[in-house]
Protein chains: 2
Amino acid sequence: MANSSATIRDVAKLAELSVASVSRVLNGHGNVHADTRKRVLKAMDTLGYVPNAAARSLSTARSHAIGIVLPDLHGEFFSELVRGMDMAASDANYMMLLSTMHADRERAIQALSAMRGRIDGAIVMAPQLSPEDLRRALPAGSPAVLVNSPEEDGQHHNLRIDNRGGVTLMVRHLLASGRKRIVHLAGVAENLDAVERKQAFCDTMKALAPELPVRVLDGDFTDTGAELLVQQLLASGEEFDAIFAANDMMALGALKVLRTIGISVPGQVAVAGFDDIPLASFLDLTTMRIEISDFGKRAVERLVAELSNDAPPATLERVTPTLITRATTASG
Amino acid sequence: MANSSATIRDVAKLAELSVASVSRVLNGHGNVHADTRKRVLKAMDTLGYVPNAAARSLSTARSHAIGIVLPDLHGEFFSELVRGMDMAASDANYMMLLSTMHADRERAIQALSAMRGRIDGAIVMAPQLSPEDLRRALPAGSPAVLVNSPEEDGQHHNLRIDNRGGVTLMVRHLLASGRKRIVHLAGVAENLDAVERKQAFCDTMKALAPELPVRVLDGDFTDTGAELLVQQLLASGEEFDAIFAANDMMALGALKVLRTIGISVPGQVAVAGFDDIPLASFLDLTTMRIEISDFGKRAVERLVAELSNDAPPATLERVTPTLITRATTASG
DNA sequence: CTTCTTTATGTAACCGGTTACATGACGCGT
DNA sequence: ACGCGTCATGTAACCGGTTACATAAAGAAG
């Protein structure tokens, strides 16, 4: 029966060899006689030996694990992101250490510290951290890929969404389909993407339709938050014929309220989101598609490349989303 | 500047103390003079010292991490599950090592092995593994909580969904609202929950309405798969007035087809699912609600209790879902 | 039959923590 | 003054791997 904790010395003893030989077999090093290899393998098998990862990473200073720090896990955006990361990680034979930083900037730093010694590199998504905090959280030399995070001084590769490009496409689409009074539901103010999208919305409106009003409501990226905002908007009696939310969840919240109240979508009001979470296609929501799982996959692949020392120079890499037009913005 | 890799001996040297004292301060042990503590803390700070987790877990045989092995990461079910786990883990100060086993039973075992030495215990969701495989994957003594997995011989705690209870509630609801010809869309045949639900459906129908036909179509838990099934069903011309899918994704697929074709829901056909993923409420789908994130949370809490040695006896724990009636099954 | 390689194996130090035990200083009771 | 308990600190072994280096055996070359 498999002993629950056989060590390499146990294997060596049983095979009547030294630990070095066992280790060599274990790691497929050269210069091991075929007989020796066989004896080692048999011993490992009868003992049910599994090498201890902690010991191994202590002596090699490599853990074959990467840390993932995310702001939250709510919703399909993160589920897709993690799925993509998992695919890439498992292809490259890395484990994933997952952690969230519950909106608390101190805990983000703490989470990263707790990973010291267990990971070879990290993927950090910290849209609400300042570059300052970020530098503090990431030991200068440690390999890391930043996802949707503030730019530091080029220490780490940065993977971002081309928010400006995406917003421009969407605004153009809404205007083209005849909408005049577009309300933007912005995301949480601390979030980098939210800020960029909001700014891009204002700029694009000014540029493409200077005569129209630029209307922005500050939301929080949640459907329930958006529901409240739209209810207030309706109560205020203000006119509008389109809602462009900074993410799909808010768009769906808006959609829910409009439909409940009995306002026709897209008849009276068009609704558009951002992200293209799987839910969006079910509800026929027009949105900007980011291939989220690819995004996660890309981040891991980049990190692994860095760990294998064939890393391209650390740059800012932007992924441009594509416009997916669906029923919620069909021409009124 | 923070040295990227100061060790405990560096700290000891700088503070002019022994490593033992530093370690004592680090772990908050008693019998440390206030001055000593202060000196140690100052040294740690100036060096930017962070203890190496691998070294620590090697000597304490504790890693303060738990392994999570899931069959897949697709969709909101898993995102919610992981979110719940993360909450509990972070509350208990544990890290999460996440891994999937890509439908390959060998890789499940392999994944678990790779975690040896890096985790204190595991949470395994393996609906498609045999008890045999499971025993092989989990070293006899290692603490683990099984989620929706086949029962072994009581070695590990098992957290399951009360599928029979849930199905019974739903069938009763459908019959009570006047449905006569209910079609069950079953999940993948290898999946334990799918099997239980299917079996429970047949049994319940026989028990509650022996005069009615028992109709089952074998699906695969995906929306697209369900779409095909429903299209075939419609093409066959067979009569039916209700679809009860083994999970929400399939129910949504069915819903999509019915609506596209122009069949009124719930007028002509009622549709019900299972799981209550967030999407379900958006589409007003009647379903059985499992508090998924609580489910994940519960699993971690149970494992942590086990690791803290105040574990109740390993039993089979069933969580009963509740019936959420929505528009898709309103009385025709 | 030496001597020089080549190949296979063993020895022991090391990675960076923890901790049992030893040591030394100090205060207290008698 | 002496012995003893208490408290703070230091020493060194240990956790389970890896690996540089030493060593031994076997084969090649002269």
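Lettering of chains follows the sequences in order, A, B, ..., and the numbering in each one begins at 1. Heavy-atom basis, side chains included; hydrogens, waters and symmetry copies ignored.
- Checking D:dC15, C:dT19, C:dG10 against every side-chain atom of B:H29, the shortest atom distance belongs to C:dT19.
- Checked against D:dG10, C:dG17, C:dT18, the side chain of B:A20 finds its nearest nucleotide in D:dG10.
- Residue B:H33 has its side chain nearest to D:dT9 when only C:dT18, D:dG17, D:dT9 are considered.
- Nucleotide C:dG17 holds its C1' atom 13 Å from the CG atom of B:D10, rounded to whole Å.
- The distance between atom CD1 of A:I8 and atom P of C:dA12, rounded to the nearest whole Å, is 17 Å.
- A straight line from CG of A:L17 to C1' of C:dT11 spans 14 Å, rounded to a whole angstrom.
- If you take CZ of B:R62 and C1' of D:dG16, they are 18 Å apart, rounded to a whole angstrom.
- The side chain of B:T7 places no N or O atom within less than 4.0 Å of a non-bridging phosphate oxygen (OP1 or OP2) of C:dG16.
- Distances shown here put every side-chain N or O of A:R24 at or beyond 4.0 Å from the OP1 or OP2 atom of C:dT9.
- B:T36 comes within 4.0 angstrom of the backbone, heavy atoms only, and of no base.
- A 4.5 Å side-chain heavy-atom check between B:R37 and B:R24 finds every atom pair outside the cut-off.
- In this structure, A:A12 and A:V22 approach most closely via the heavy-atom pair CA-CG2, 3.7 Å.
- Sequence order on DNA chain D of the closest nucleotides to B:A55 and B:D35 puts B:D35 first from the 5' end.
- At whole-Å resolution of the value, CZ in B:R9 and C1' in C:dT18 are 10 Å apart.
- Comparing C:dG17, D:dG17, D:dG16 by their nearest atom to the side chain of B:L58 picks out D:dG16.
- Counting non-hydrogen atoms under 4.0 angstrom, B:V19 reaches a base of the nucleic acid.
- Within the 4.0 Å cut-off from OP1 or OP2 of D:dG17, not a single side-chain nitrogen or oxygen of A:T60 is found.
- Across the protein-nucleic acid pair, A:R118 atom CZ and C:dG17 atom C1' stand 13 Å apart, rounded to whole Å.
- Atoms CZ (A:R116) and C1' (C:dC15) sit 15 Å apart, rounded to a whole Å.
- Looking at heavy atoms from C-beta onward, A:N27 lies in side-chain contact with A:R56 at the 4.5 angstrom threshold.
- B:N31 has no side-chain polar atom (N or O) that falls below the 4.0 Å cut-off from OP1 or OP2 of D:dT9.
- Between B:S23 and C:dT18 there is a side-chain N or O to OP1 or OP2 distance below 4.0 Å.
- Within the model, atoms OG of A:S57 and CZ of A:R62 stand 11.0 Å from one another, a figure rounded to the nearest 0.5 Å.
- Counting heavy atoms from C-beta on, the side chains of B:R318 and B:I161 never come closer than 4.5 Å.
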**Message:** Between A:R298 and A:E317, does the salt bridge (charged side-chain N to carboxylate O under 4.0 Å, His left out) criterion hold? Intermediate values first, please.
**Reply:** CA-CA 11 Å; A:R298 183 68 162 279; A:E317 183 180 349; 2.3 Å; yes
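- For B:N52 and D:dC15, the CG to P distance is 18 Å, given to the nearest whole Å.
- For B:R56 and C:dG16, the shortest distance from a side-chain N or O to OP1 or OP2 is not below 4.0 Å.
- The side chain of A:S18 contributes an N or O atom lying less than 4.0 Å from OP1 or OP2 of C:dG10.
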